[in-house]
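So the structure is just underneath, and the comments pick up after that.
One-based numbering, in listed order, for ligands and for the atoms of each. Nothing fancy with the numbering, it's 1 onward along the sequence.
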Amino acid sequence: MNAAIRAVVRRGLSSGLNVKGIYKGYNGLLNEEIVDMTARDVSDTIERGGTILYTARCAEFRTVEGQERGAEICRKHGIDGLVVIGGDGSFAGAQKLANLGINTIGVPGTIDLDIACTEYTIGFDTAVNTAMEAIDKVRDTSTSHERCSIIEVMGRNAGWLTGAAALSKGEDCEGPDLIYLPELPFDLQLFGEKIKQLLQEKTSIVVAVSEGIRTADGTYVCELGNSIDFVDAFGHKQLSGTASYLASYIAGEIGCKTRAIELSTLQRAASHAASRVDILEAYQVGGAAVKAADEGDTGKMVVLKRLSDDPYQCGTEVKDVHKIANDEKLVPRNWVNEEGTYVTNEFISYVRPLIQGDV
Ligand code: F6P
């Protein structure tokens, strides 16, 4: 995120524009937390996790009154073009502002990779690096301590990040034995049977599960346990506790030694594992967004289009934001095996180029 903010600021300044930063998203807009940005403000930020502009979900901005007030505040501060970095929810807000006459351009930034029309979203592969590193570590200790480790990966309703955990498989790491994505209904009993069957072949098992897996009736697995029911300003439940529920379940059913590992926000703050693709593409989309805004484009999002796999190369395009807002890009069914326990080679070929190269 910071690499994208830096790109917007530097590109804007070098084009002779005044650049302002809005803290805490639409919440900050409504509270007029708007500051002038200089090149100094974005130096030394490229490898910092999180976002220097903070982030927030804002219920008021979902109302027509909130959106009209937001547009008024933009006009008051002389904002001619607004670059919105985020996911589908942020773009839905951007579209409202565009309809009210404020020029808005979206930049796809989320570790979830769930935005329609773009090949890539800023933050994804740095988060993948964290998941891969975790699996690499957990694999070794699970082997020596002969236990079943369940690793919970973020991504909400999209399984891109969890599926990409398969990339940890290589010469010195066996990778996960099982991968469960939220796109498919999760069957607790079949899961238990699968673990039992694997335990007849080996003494250590590593499972990657998405935080958003749900049973056939739509209940999140994390809701079956004792997790705290925290709900954000949009009414989204905070997903947490899936691994710990599953670890207790198999410990109870099978009696094997288990450990639950929830990667949680570590995935959004891995500056030590920052990916080169992430940084370069953040720069590409940030620059393209300022160019589009400066040329008077509005209601659009900069998307990344893959030009080649080897060497991996992406170019930018500009698409209508209404085609993207509130449309989740999910893992296609045929990129998961028949049993729903691992991703296919097509999935792996799609994500592998994204994680090439260190900063
Ligand atoms: O959208 C990014 C994401 O990290 C999701 O993968 C996750 O479900 C959600 O945000 C968690 O957000 P928070 O930590 O703010 O509850």
### Task
Identify, for atom 1 (O) of ligand 1, the protein heavy atom at the shortest distance, and state residue, atom and that distance.
Asp112 OD2, 2.7 Å

### Query
To the nearest 0.1 Å, how far is atom 16 (O) of ligand 1 from its closest protein heavy atom, and which atom is that?
Gln238 OE1, 3.6 Å

#### Entry: Contacting atoms of ligand 1, where contact means under 4.0 angstrom from a heavy atom of Glu211
5 (C), 6 (O), 7 (C), 8 (O)

### Ligand-residue contact atoms, ligand 1 with Gly155, heavy atoms, under 4.0 Å
6 (O)

Between the side chains of [X] and [Y], does any donor sit under 3.5 Å from an acceptor?
X      : Y      : value
Thr265 : Arg268 : no
Arg147 : Thr141 : no
Asp125 : Tyr120 : yes
Ser240 : Gln238 : no

### Query
Salt bridge between Glu328 and Arg156, side-chain N to carboxylate O under 4.0 Å?
no

## Note on the structure
When rounded to the nearest 0.5 Å, the distance separating CG of Asn157 from CG of Leu239 is 7.0 Å

#### Entry: Contact partition for Leu239 relative to ligand 1, non-hydrogen atoms under 4.0 Å
neither

### Query
Nearest heavy atom to atom 4 (O) of ligand 1: which of His236, Arg57, Arg268 does it belong to?
Arg268

### Query
So is Gly87 in contact with ligand 1, going by heavy-atom distances below 4.0 Å?
no

